[in-house]
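Below is one structure, written out as structure tokens; the observations come after it.
Each chain gets a letter, A, B and so on, in the order the sequences are listed, and its residues count up from 1.
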Amino acid sequence: MNVQALLNPQQQKVVTTTEGPLLVLAGAGSGKTRSIIYRTAYLISEKKVNPYNILIVTFTNKAADELKERLQKTFDLHIFSLWVGTFHSICVRILRRESDHLDFSSNFSIYDTADQKSLLKKIYKKLDIDAKKFSLEKVRSIISRQKSSLILPEDFFSFNPENFFTKQVHRIYRQYQSELKQNNALDFDDLLMFTALLLHKNKNIKKKYANQFKYIMIDEYQDTNYAQFKLINLLAESHQNLCVVGDDDQAIYSWRGATIQNILNFEKDYQNVKTIRLEKNYRSPKSVLSLANSLITKNSDRHTKELWTDKESALKPKLVKLSDERTEADFVFEKISELKKKEEIALNNFVILYRTNAQSRVLESRSLNHDINYQIIGGVNFYQRKEIKDILAYLKILVNPEDNESFLRIINSPRRGIGKVTQKRLLNFAENYRLSLFAALGKDELYDHLGNSAQKVKNFFRQILDWKKEAQELEITKFLEKLITELELLSLYDSDDPQDISRSENIKEFLGATREFSENYQQNNQEEPSLVHYIQNLALQTDIDNYDETENSVKLMTMHNAKGMEFDYVFIVGVEDNLIPHSRSLDEPKQLEEERRLLYVAITRAKKNVFMTYVQTRRVFDMITAAFPSRFLMEIDEELLETENGQYYENQVPRTPVRRKKSVVTENKKHFKIGQKIEHAKYGKGVILNVDGRGIDAKLTISFSGGKLKKIIGSFVKKI
DNA sequence: CCACGTTGTGTTTTT
DNA sequence: CACAACGTGG
């Protein structure tokens with residue numbers, strides 16, 4: 001393996017320093033991933049380490065897949081026994097294997113944020129707690145924080161002050177854990193917490209995994225939380241062969257419990273730590289890097305380092321002031337068209353970054369006027385869409401009959417005439433007999449309590465039992481097809497309503513994804529995947545894991561999602577106070593620093609140049625509000641940023657928010673008129689027969705040239 | 001039991 | 001605005 005030719009001296013050092021604790025402070029674009037891959041290859045082919053003895057933790061599943069692929073293709077290594085994955089997926093794997101030592105079984109359900117909230121809502125009712133005083137999101141995040149810090153309900157008051165508020169939170173937390181257990185379900189944080197606790201409590205199991213993972217590498221170490229720190233610490237303490245890679249300047253997940261102290265204190269947590277700094281940036285030109293450096297040096301809590309590059313560029317980052325968010329979107333798309341034409345590059349070399357998902361909406365609707373394909377990454381996760389979650393709930397109930405949450409989701413969806421009253425009776429019965437809802441269906445006495453609905457419930461039970469049997473016999477894709485057919489899901493969404501069209505498309509896409517998973521799995525494992533395996537894997541999938549970077553389209557995503565990626569041209573929209581830094585982060589200096597890092601991450605994605613935009617008025621809900629350039633812009637050296645129109649530091653007169661007039665739009669002022677000719681990307685040209693609603697979101701009834709009649713939302717068509 | 005209307009409520013970021 | 005929670009009439 002010729003390391004010298006392909007890596008710079010620091011990277012080489014990372015690769016060849018295999019023993020003992022190693023801290024790699026790797027700036028943005030400094031060849032971090034490359035170093036990890038080479039280090040792994042070096043361990044296997046030069047040091048003759050068995051792949052089975054290596055653990056690599058990546059930040060996304062996608063990164064894990066790519067790493068595996070490159071090891072296989074570039075280095076021709078057989079690495080199927082190598083463990084690569086995210087913290088969560090690795091924990092699932094361990095928990096499934098070790099379920100004998102745990103008080104849940106290996107077919108556990110994994111609850112996402114929405115599941116957590118719906119469970120909490122039920123608990124509020126039971127404990128008579130007011131959701132207005134104890135906001136669901138707030139309590140959910142407090143509980144999440146406890147778990148990230150390995151604080152169980154019984155230890156709660158050792159770490160939290162005791163007052164009225166915390167007492168209630170404690171009650172909720174205790175009940176929440178007990179209900180999760182009843183459902184044989186774990187939330188995301190449980191996956192980490194229970195794995196860490198298992199290794200902590202059970203010396204034999206700890207020994208087993210510490211022996212297996214003789215070499216450990218962790219990517220994005222700056223974004224790990226205490227549970228993750230502890231987990232790794234337990235595994236690495238005996239051999240100390242731990243390499244962590246990260247950049248404290250890119251720590252952007254403290255709100256999720258990540259603590260930057262993990263990377264700042266690594267040299268104290270482990271002994272005889274070797275530290276290597278990767279400061280040469282291979283991605284961005286000097287102009288972009290100076291901008292980024294100028295910003296990040298305003299942060300105090302950091303390892304000092306300075307990124308450098310020898311890449312020159314005539315281009316200068318630009319700052320552009322626009323009047324409102326629509327003009328902003330138009331500007332961005334026009335600029336992209338212009339650059340695309342001028343440089344003859346494909347659309348996938350452009351990215352538009354924003355602070356909040358809500359900002360994608362305008363961009364989406366304006367893109368139609370510019371003939372630019374786009375792809376949104378993130379937002380509502382594919383697997384969290386209603387129609388998909390419904391199907392998943394069926395699968396979960398078949399795998400884990402104790403999962404009451406999933407049970408309640410499916411019992412009357414699609415409608416089968418089992419309404420609230422019957423459900424209430426069933427719940428009471430199950431509670432009296434201390435049974436799960438599904439198990440209650442197996443008791444004959446139940447049906448005496450159900451009156452007219454008894455037969456419907458019986459039919460439902462029978463159906464579930466049949467599916468359960470089939471799920472075991474059939475290959476998962478086959479089974480899924482059968483389930484979808486028998487539930488008549490596709491015909492349920494068979495209308496011209498764009499929402500229904502997208503729902504049935506999602507279901508088909510889900511089937512496709514299942515088929516792909518099944519085929520891959522069979523190839524790698526020489527056997528069919530089980531349903532449990534499949535759905536536990538699904539729960540941890542994200543949008544980023546599945547997106548296609550080769551597709552010819554502009555990518556739209558949050559700054560958070562852009563971590564680890566790179567693009568020729570980066571457009572950052574809404575560089576305003578209240579967005580970046582976000583209004584919720586203004587008071588706390590620590591949070592302000594994190595917002596600054598977030599903008600730093602966004603800027604350092606650029607291979608060629610960066611455009612930042614801000615507007616003067618922005619619509620928030622139904623209000624038009626005055627917007628102001630981000631305070632971060634004032635910190636940047638003036639000469640590093642070219643302003644296209646107007647100075648960003650000019651004094652603006654704060655304007656009072658303007659409430660949008662509720663004017664009645666007369667027929668001829670409407671955005672769309674009856675008789676108007678339009679064009680749709682898929683259906684072609686047509687004429688509007690009816691307009692329901694106002695403006696761009698009106699529901700249009702359109703007769704298309706082929707004779708087809710469709711109902712379509714205004715924003716999906718172009719006026720011609 | 002359910003469809004459909006009305007009222008109320010809330011948007012940071014995600015595994 | 002968008003969507004969830006509630007109430008009413010069939």
Side-chain angles (χ1 to χ4, degrees), chain A residues 57-64 85-92 110-114 116-118 121 125 131-132 135-138 140-141 144 147-148 186-192 220 223-225 227-228 251-258 353-362 365 377-381 383-384 386 412-424 451-453 456 499 538-545 557-563 574 578-586 591 594-595 597-599 601-602 619-624 660 693-697:
Chain A
V57 184
T58 58
F59 198 67
T60 61
N61 296 299
K62 189 184 172 68
T86 62
F87 268 106
H88 290 88
S89 67
I90 282 161
C91 288
V92 168
I110 298 173
Y111 281 3
D112 66 19
T113 314
Q116 290 183 292
K117 282 192 188 165
S118 95
K121 230 178 250 176
K125 252 186 206 154
K132 278 175 202 137
S135 122
L136 279 174
E137 180 46 39
K138 186 150 193 199
R140 193 202 65 79
S141 94
S144 167
K147 293 184 180 183
S148 309
L186 306 187
D187 65 22
F188 287 135
D189 304 303
D190 285 336
L191 299 175
L192 306 175
E220 307 282 7
D223 283 322
T224 51
N225 61 33
Q228 292 164 331
I252 52 175
Y253 283 98
S254 76
W255 52 273
R256 208 164 80 180
L353 300 177
Y354 37 78
R355 175 68 234 269
T356 65
N357 284 306
Q359 287 168 262
S360 69
R361 194 175 286 277
V362 215
S365 75
I377 289 114
V380 185
N381 187 321
Y383 297 104
Q384 290 180 17
K386 226 175 266 159
N412 200 29
S413 164
R415 298 267 131 88
R416 49 171 74 82
I418 304 175
K420 267 186 208 139
V421 179
T422 311
Q423 288 182 34
K424 186 84 205 154
N452 291 334
S453 303
K456 290 177 191 159
Q499 212 171 18
L538 270 196
L540 304 177
Q541 289 288 313
T542 66
D543 254 31
I544 312 170
D545 297 329
M557 65 185 91
T558 62
M559 302 184 198
H560 281 91
N561 268 332
K563 185 157 103 157
N578 293 330
L579 276 174
I580 174 88
H582 194 269
S583 53
R584 304 244 222 189
S585 305
L586 296 178
Q591 287 187 26
E594 179 150 317
E595 296 283 317
R597 289 194 293 268
L598 189 54
L599 187 57
V601 168
R619 241 177 89 177
V620 185
F621 295 113
D622 63 342
M623 302 253 282
I624 300 198
R660 208 161 55 117
R694 274 188 280 129
I696 197 156
D697 292 319

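- Taking 3.5 Å as the limit, the base of B:dT12 and the side chain of A:Arg584 contain no donor-acceptor pair of atoms between them.
- Two residues are said to be in side-chain contact when any heavy atoms from C-beta on lie closer than 4.5 Å; A:Cys91 and A:Leu192 meet this criterion.
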Show the distances under 3.5 angstrom between N or O atoms of the protein and N or O atoms of nucleotides 3-8 of chain B.
residue, atom, partner, partner atom, Å
B:dA3, OP2, A:Arg415, NH1, 2.7

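- In this structure, A:Leu353 and A:Asn561 have side chains that are not in contact, with every pair of non-hydrogen atoms separated by 4.5 Å or more.
- The closest side-chain heavy-atom distance from A:Lys117 to A:Tyr111 is not below 4.5 Å.
- Residue A:Lys121 places no side-chain N or O under 4.0 Å from the OP1 or OP2 atom of C:dA4.
- At least one side-chain nitrogen or oxygen of A:Thr422 sits closer than 4.0 Å to the OP1 or OP2 atom of B:dC1.
- Put simply, CD1 on A:Ile580 is 15 Å from P on B:dT12, counting in whole angstrom units.
- Atom-to-atom, CG of A:Leu136 to P of C:dA4 comes out at 13 Å; the value is rounded to the nearest Å.
- Of the side-chain N and O atoms in A:Asn412, one or more sit less than 4.0 angstrom from OP1 or OP2 of B:dC2.
- Across the protein-nucleic acid pair, A:Lys117 atom NZ and C:dA4 atom P stand 11 Å apart, rounded to whole Å.
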Please write out each protein N/O paired with an N/O of nucleotides 8-10 of chain C under 3.5 Å, distance rounded to 0.1 Å.
none

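- For A:Arg140, the side-chain hydrogen bond (donor to acceptor under 3.5 Å, both in side chains) partners two or more places apart in sequence, or in a different chain, are A:Gln116, A:Glu137.
- Listed pair A:Ser583 / B:dT12 fails the phosphate criterion, with no side-chain N or O lying under 4.0 Å from OP1 or OP2.
- Aromatic ring centres of A:Tyr253 and A:Phe59: separated by under 6.0 Å.
- Taking all atoms of both residues into account, the shortest heavy-atom contact from A:Met559 to A:Leu598 is CB-CD1, 3.7 Å.
- Stacking is not found between A:His560 and the pyrimidine-like six-membered ring of the B:dT13 base under the 5.5 Å centre-distance and 30° plane-angle cut-offs.
- Neither OP1 nor OP2 of B:dT15 sits under 4.0 Å from any side-chain N or O of A:Asn61.
- The two atoms that bring A:Ala63 and A:Thr58 nearest to each other are CB-CB, 4.0 Å, heavy atoms only.
- Contacts of A:Asp112 with the nucleic acid, taken as non-hydrogen atoms under 4.0 Å apart, are absent.
- The nearest whole Å value for the distance from the CZ atom in A:Arg140 to the P atom in B:dG10 is 17 Å.
- Dashed line: the shortest gap from a side-chain N or O of A:Asn357 to OP1 or OP2 of B:dT12 is not under 4.0 Å.
- Comment: A:Asp187 engages A:Lys147 in a salt bridge, judged by a side-chain N to carboxylate O separation of less than 4.0 angstrom.
- Within 4.0 Å (heavy atoms only), A:Lys386 reaches sugar-phosphate atoms of the nucleic acid but no base atom.
- Heavy atoms of A:Asp189 sit nowhere under 4.0 angstrom from any nucleic acid atom.
- OP1 or OP2 of B:dT15 sits under 4.0 Å from a side-chain N or O of A:Thr542.
- In this structure, CG of A:Leu599 is placed 14 Å from C1' of B:dT13, rounded to the nearest angstrom.
- Of all heavy-atom pairs spanning A:Leu540 and A:Val92, the tightest one is CD1-CG2, 3.7 Å.
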Inset, instruction - Please step through side chain to side chain contact (heavy atoms under 4.5 Å, CB included) for the pair A:Leu586 and A:Asn578, ending with a clear verdict. - result: CA-CA 8 Å; A:Leu586 296 178; A:Asn578 293 330; 3.5 Å; yes

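- In this entry the distance linking CD of A:Glu137 with P of B:dG10 reads 13 Å, nearest Å.
- Remark: C1' of B:dT12 and CZ of A:Arg355 are 5 Å apart, rounded to the nearest angstrom.
- In this structure, the nucleotide among B:dC1, B:dT14, B:dT15 sitting nearest to the side chain of A:Tyr253 is B:dT14.
- At least one side-chain nitrogen or oxygen of A:Arg361 sits closer than 4.0 Å to the OP1 or OP2 atom of C:dA2.
- Between the CG atom of A:Leu192 and the P atom of B:dT14 there is a distance of 18 Å, rounded to whole Å.
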Inset, instruction - Given side chain to side chain contact (heavy atoms under 4.5 Å, CB included), test A:Thr356 with A:His582 step by step and report yes or no. - result: CA-CA 9 Å; A:Thr356 65; A:His582 194 269; 4.0 Å; yes

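- Judged by atom type and distance alone, A:Thr113 reaches the base of B:dT15 through a side-chain donor-acceptor pair under 3.5 Å.
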